[in-house]
Amino acid sequence: MFDFSRLPVIDNHTHPYLFEPDPVRYRPLDSFVGAEFAGADGAAVRDTMLYQRWATRELAAYLGCEPTPGAVAQARAAVGDEAAYVARLFASEGIEALLVDTGYPQPPVDMAEFRRRVPTKILPVYRIEPPIKTLLDERVGYDDFVRRFDAGLRRAITEEGFVAVKSIIAYRTGLEIDPGQAGEEAGRRGLERALAEPDRMAASKPLRDHLLLRTLRLCRDLGVSFHVHTGVGDKDIVLAKCNPALLNETLRRPEYAATRVVLIHCYPYLAEASWMAAALPNVWIDLSEGVPFALAATDRIFETALDLAPTSRILFGTDAFTGPEHTWLGARLAKRALARVMTRLWERGYITETEGIEIAAAILSGNARAMHGL
Ligand SMILES: [Zn+2]
């Protein structure tokens, strides 16, 4: 049996958060789903979800308290020096760096404060939807729109320290991108349509497709990766249009082949994503959100990702969004699951012992380290 507990970890997908002491309910016990389960009754429903049960026990053991949500909340609220606590927590799992999508929450978390409280290497990711919303709200003309859109993205990468770009078009008009919207005339018509019906999301689809294609080219020119949300998410996801397979038509085109695209989450469409990472020269897959929140699927997520994808194209992530414990919990879960998965592959004679260690190390941090030159 492999033991990966001491391997270093880079979390490929997280969000900024500020620690909010709440002696009644500690939010990292909650997954991203179940937002409508607010109040005492809602918490009771949440507590029957597998992730919540498991997270409560793991955190209780770490904090030295009773394994109940109330006891964990109290113990966490009493921690004191937040930065020292996070440093200890991350050191215990070898967590070395976080990629941080600053587009959620809105309004944005103050990054200087976040960095003070989370003393690890922070790699910010620039999301394109907040500037799109600003430019649509201001009803600027097309030439101004794309000039400011392009300049904002370029500045983020060249001057503001962002290391990658992100889109959540799957929450807006879906992943079925029309490659025919790439030209400037198409973009101009798309903006007119979006401005004609500002309250109907579907009217902005041609414009959003145009801007996604534009971003693919900008990322290629700037030499940074483009993170695209795929798979399920919060309840406002366009559920019928979030399968990463819908991106295949666009990503296989020669003009986008030199852009490094990271399919974020992929869950539950891991098989399609694994094939895309194998079939296309420009695709990586990130396993966040499924890990850790789809707790019972963890082994299956790693196994399915490994169906076809080159092991150099698979990235560990968690989608931590309310606290450092999501990354810690995800790292523990991933290390144990990978040990079981690699052991099964080794027992069947599919990999050697050395390969098992190399593959786990690559998924947990090596592939992200190579991508960002860390
Ligand atoms: Zn996320």
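What you are looking at is a predicted structure, and each value in this text was computed from that prediction instead of being measured. Each ligand, and each atom within it, is numbered from 1 in the order the structure gives.
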Should I169 and V224 be counted in the same cluster of Ile, Leu, Val, Met, Phe, Trp and Tyr side chains packed under 4.5 Å apart?
yes
Can R332 be said to sit on top of W328's aromatic six-ring, NZ or CZ under 6.0 Å from centre and within 45° of the ring axis?
yes
Calculate, to the nearest 0.5 Å, the distance between atoms OH and CD belonging to Y85 and E325 respectively.
3.5 Å
Which protein atoms of type N, O or S are found under 2.8 Å from the Zn ion (ligand 1)?
H13 NE2, H15 NE2, D319 OD1
Ring centre gap for H326 and F293 strictly below 6.0 Å
yes
Can you confirm whether or not the ring centre of H227 sits under 6.0 Å from the ring centre of H229?
no
Salt-bridge criterion met for R214 and E184 (N-O under 4.0 Å):
yes
